[in-house]
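Below: the structure, in structure tokens.
Remember, it's a predicted structure, so these values are computed and weren't measured experimentally. When a residue number appears, it is its place in the shown sequence, counting from 1.
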Amino acid sequence: MTAIADSPTQSPRRRSRWLTGLIGLLIVLALIAIGLAIWEPLSVETRAAPAPMTHDVRIVRDDHGVPHIFGKTDADVSFGIAYAHSEDDFSTLQDVVAMTRSRLGAISGAEGAKTDFAAKLLDTDGTVARHYDELPADVRALLDGYARGMNLYADRHPDGIRLARLFPVNGRDIAAGFALRSPFFFGLDSVIGKLVAGEPLPQEGGPALPAPNSSPTGPDADMAGSNAFAVGPSRDPEGKTKLISNSHQPWRGGVAWYELVVHSQQGWDFAGATFPGSPYPFLGHNKTLGWTNTVNRPDLIDVYKLVMNDDATQYRMDGKWLPLEKKRVWLHVRFGPFVLPVPKTVLRSIHGPVIENDKGFFAIRYAGIDTLTQLTQYYRINKAKNFAEWQQAMAIQGVPATNFIYADAAGNIAHIYNAMFPARVAGYDWRHVLPGDTSRDIWHDYLPYSAYPKNINPGSGYLVNSNNTPFVAAGPGDELDPKAFSPLMGIELDMTNRIRRAIDLFESVDGPITWPVLWRIKYDTGYSRASYAGDWMKTLLALDPKGNKRLADAQRLLSQWDWKLDGKGRGDALALTVLRPAMRKSYNRETPPDAREELTAAADHLAKTFGTLAPPLGTVLRLRQGPEEGAMKGTPTIDLPLDGGSDTLRAATLWNVDPDGRYSVYHGDSFIMAVEWTRDGKVRSRSIQPFGQATTRPDSPYYTDQAKLFVEHKTKPVYFDAASLKGHVSSDERVTNAR
């Protein structure tokens with residue numbers, strides 16, 4: 001009875017104490033919850049807006065909502081670019097700003113926090129602090145103009161702001177985005193990821209070198225790719241020069257293309273596409289020239305094993321002990337309604353950022369480390385008027401890596417294998433982990449632009465690149481000699497299926513390469529038996545089905561497949577499914593996957609989902625855009641059949657398997673632009689995107705208006721000048737920040 005009498009339910013005094021304690025605990029928990037909900041914006045420093053300056057632009061949108069931005073100065077136009085892009089996709093622009101501020105985790109949680117950690121590790125803020133003022137004044141004016149455009153939109157639409165104290169932004173924020181994103185285009189994410197996990201490093205590009213040390217290699221996680229085609233006037237019946245930009249990027253997010261046309265009274269006239277957070281187009285054309293890009297993968301990242309002292313506070317360098325720099329940083333990680341502070345330690349040596357794992361301490365050095373020069377180079381090539389000026393701008397050597405495929409009104413075509421090649425010394429195996437205790441293998445300079453592989457005006461009259469070795473870019477007899485380039489440059493030797501098909505198709509053309517011929521090549525869906533696909537198919541067909549009827553039926557279907565993913569063959573859906581894992585392994589320089597496992601999984605999925613091993617390709621492969629971005633959580637706004645596959649010239653590279661079993665593509669053919677210059681110097685172009693200009697705004701008429709054209713292999717006109725734009729204006733607004 002005593003125990004019962006003493007219980008909270010029986011003793012008023014004890015019950016009161018118990019309730020008081022409970023209330024106190026709830027108050028403490030409530031205060032903690034409030035603190036976690038509000039601490040993040042209070043912990044960050046508000047950035048200063050750019051110095052006041054008035055901008056005044058017209059944003060004229062055409063039939064498909066593409067903004068044509070007219071301004072007096074280049075900085076005015078940059079202001080208009082930011083404002084127009086904000087109108088169409090303010091959400092993604094905020095992601096980019098949050099990324100540059102190391103606050104992406106506060107929006108998107110743990111995945112975003114990984115990017116924030118990378119920004120801290122690479123010290124992008126430090127790079128900006130050290131080098132921003134070294135940029136030319138006109139470049140800084142462009143960056144500040146862009147920031148003012150974004151700030152104006154944020155001021156006018158405060159309800160759309162997703163993170164407190166994210167605005168205002170300034171030119172330094174825009175520059176930080178460049179410093180952070182560029183090295184991830186040539187594989188730095190994979191290197192960092194493998195080091196953090198203590199896993200084998202990705203296999204590096206270039207020919208093998210003598211190996212005084214050995215380090216295991218692993219996959220390259222970079223799946224970026226593109227196609228580019230240029231045809232000279234010698235192969236056109238009317239003497240035209242032609243260029244096709246065919247980038248393969250994600251269809252949504254921070255590196256999805258945004259189309260635009262710009263006109264400044266300072267002589268900046270350009271049509272093309274850009275990424276969120278950029279004050280100018282990255283590819284496209286002006287009146288006299290144009291270019292496009294494809295990802296290249298030279299060896300531009302070096303990893304060093306540090307020799308540490310006993311308490312891991314110093315590392316050995318040239319016989320001396322140097323202090324390992326350590327800095328505590330706080331990541332902001334959203335978890336439900338709360339943002340949690342997560343402490344991390346960032347390490348640096350004189351090599352660069354350092355990562356510790358259970359195998360030791362590893363330093364990283366990469367092309368473009370601690371530079372902002374690419375901001376100047378991209379702007380200068382936008383303003384170039386001829387091949388000489390364009391090459392002079394390229395010689396700035398600020399863009400760390402990417403192929404440039406060029407064409408112009410004068411009839412020149414060129415493939416420039418652009419990269420900031422480290423000036424390495426002989427005597428080390430630069431393909432593997434390097435000794436970290438000698439300064440001799442720490443490079444500081446880059447090879448000159450004159451050392452880059454270039455193929456200019458080849459005799460074949462055409463150039464093509466599909467993320468392959470630069471030594472093959474034109475017809476037989478026009479190849480570059482690999483022996484003419486130092487193996488220390490780490491130039492890749494890879495051959496994709498796309499380049500094999502492209503060269504075969506170009507070489508099959510006897511005579512002019514007309515637009516219909518060029519489009520047939522670009523939209524080709526075939527696989528070459530000489531590529532990895534040939535060996536992979538042989539492996540699949542050689543499997544012993546061991547009495548598994550479904551497996552035997554799948555082999556029979558593949559044996560009859562026509563090697564094209566055009567939606568006409570019975571085996572297209574099965575071939576699509578089994579080829580993607582092989583493509584991934586090949587592209588990442590890994591051994592092929594398990595053939596039985598992949599064929600079994602593909603056959604089981606198709607049979608269970610569609611009731612057959614041979615559903616029509618378009619039933620399986622889909623372009624979907626809707627309230628939940630094609631994830632089938634709601635009814636998609638648009639749901640259309642696609643063709644192509646991984647590593648076909650008509651690219652459908654990556655997809656999600658939706659709940660209904662269909663493949664919702666999210667990466668592949670993205671922004672496509674075709675340009676021609678006639679003999680008299682006139683320029684015309686056409687373009688297309690998978691969805692439309694406003695991919696995050698379902699209420700916009702430009703949310704999915706290009707999708708049907710895209711799946712039908714059609715394009716829309718680019719109204720490059722004011723005269724051609726007449727009669728095709730859907731809106732015309734003046735935007736100014738004047739008070």
Has the side chain of [X] got a donor or acceptor atom that lies under 3.5 Å from a matching backbone atom of [Y]?
X	Y	answer
Gln249	Trp257	no
Arg235	Gly511	yes
Gln693	Tyr702	no
Lys522	Asn246	no
Asp478	Gly459	yes
Trp291	Ser245	no
Asn497	Asp647	yes
Arg686	Ala674	no
Ser247	Ser670	no
Ser586	Met583	no

Exercise for the section: May I ask you to check if Arg580 and Trp655 form a cation-pi contact, with NZ or CZ under 6.0 angstrom from the six-membered ring centre and within 45° of the axis? Expected result: yes
Exercise for the section: Measure the spacing between OH of Tyr527 and CG of Leu565 and express it to the nearest 0.5 Å. Expected result: 5.0 Å
Please tell me whether [X] and [Y] have a donor and an acceptor in their side chains that are separated by less than 3.5 angstrom.
X	Y	answer
Asn656	Ser664	no
His728	Asp63	yes
Ser278	Tyr258	no

Exercise for the section: Test side-chain hydrogen bond (donor to acceptor under 3.5 Å, both in side chains) on Arg500 and Ser528 and set out the steps. Expected result: CA-CA 7 Å; Arg500 294 181 186 277; Ser528 169; 5.3 Å; no
Practice task
Count the heavy atoms of every other residue, nucleotide or ligand shown that sit under 6.0 Å from CG of Asp699, and state whether that count exceeds 12.
Solution key: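 Yes - once you tally the heavy atoms of other residues, nucleotides and ligands closer than 6.0 Å, there are more than 12.
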N/O donor to acceptor pairs below 3.5 angstrom from side-chain atoms of residues 464-477, sequence neighbours left out:
{"unit_1": "Asn465", "atom_1": "OD1", "unit_2": "Thr294", "atom_2": "OG1", "d": "2.6"}
{"unit_1": "Asn465", "atom_1": "OD1", "unit_2": "Asn403", "atom_2": "ND2", "d": "3.3"}
{"unit_1": "Asn465", "atom_1": "OD1", "unit_2": "Asn467", "atom_2": "N", "d": "3.0"}
{"unit_1": "Asn465", "atom_1": "ND2", "unit_2": "Asn468", "atom_2": "OD1", "d": "3.4"}
{"unit_1": "Ser466", "atom_1": "OG", "unit_2": "Asn227", "atom_2": "OD1", "d": "2.9"}
{"unit_1": "Asn467", "atom_1": "OD1", "unit_2": "Ser226", "atom_2": "N", "d": "2.7"}
{"unit_1": "Asn467", "atom_1": "OD1", "unit_2": "Arg498", "atom_2": "NH1", "d": "2.9"}
{"unit_1": "Asn467", "atom_1": "OD1", "unit_2": "Arg498", "atom_2": "NH2", "d": "2.9"}
{"unit_1": "Asn467", "atom_1": "ND2", "unit_2": "Val295", "atom_2": "O", "d": "2.9"}
{"unit_1": "Asn468", "atom_1": "OD1", "unit_2": "Ser466", "atom_2": "N", "d": "2.8"}
{"unit_1": "Asn468", "atom_1": "ND2", "unit_2": "Val472", "atom_2": "O", "d": "2.8"}
{"unit_1": "Thr469", "atom_1": "OG1", "unit_2": "Phe471", "atom_2": "N", "d": "3.4"}
{"unit_1": "Thr469", "atom_1": "OG1", "unit_2": "Glu492", "atom_2": "O", "d": "2.9"}

Exercise for the section: Test Glu676 against every option in Arg684, Lys242, His285 by the side-chain hydrogen bond (donor to acceptor under 3.5 Å, both in side chains) rule and name the one that passes. Expected result: Arg684
Practice task
Can you spot which of Gln555, Arg556, Arg550 makes a side-chain hydrogen bond (donor to acceptor under 3.5 Å, both in side chains) with Asp553?
Solution key: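 Option passing the side-chain hydrogen bond (donor to acceptor under 3.5 Å, both in side chains) with Asp553: Arg556.
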Could you pull out every donor-acceptor pair under 3.5 Å between side chains of residues 607-619 and any protein atom, sequence neighbours left out?
{"unit_1": "Thr609", "atom_1": "OG1", "unit_2": "His605", "atom_2": "O", "d": "2.8"}
{"unit_1": "Thr612", "atom_1": "OG1", "unit_2": "Ala614", "atom_2": "N", "d": "3.0"}

Practice task
Examine Phe710 together with Trp251 and report whether their ring centres are nearer than 6.0 Å.
Solution key: yes
Practice task
Answer yes when Asp660 and Arg662 have at least one side-chain N-carboxylate O distance shorter than 4.0 Å, and no when they do not.
Solution key: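 Yes, Asp660 and Arg662 are salt-bridged.
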Exercise for the section: Indicate yes or no: does Glu598 engage Lys585 in a salt bridge with an N to O separation below 4.0 Å. Expected result: no
Problem - Option from Ile456, Asn457, Leu243, Val231 for which side-chain contact (heavy atoms from CB on, under 4.5 Å) with Ile413 holds - result: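 Looking at Ile456, Asn457, Leu243, Val231, the match for Ile413 under the side-chain contact (heavy atoms from CB on, under 4.5 Å) is Asn457.
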Practice task
Please name all residues satisfying ring pair (Phe, Tyr, Trp, His ring centres under 6.0 Å) with Tyr462, sequence neighbours left out, ordered by chain then number.
Solution key: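 Tyr462: ring pair (Phe, Tyr, Trp, His ring centres under 6.0 Å) contacts with Phe506.
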Problem - Thr241 and Asp408, any side-chain heavy atoms less than 4.5 Å apart - result: no
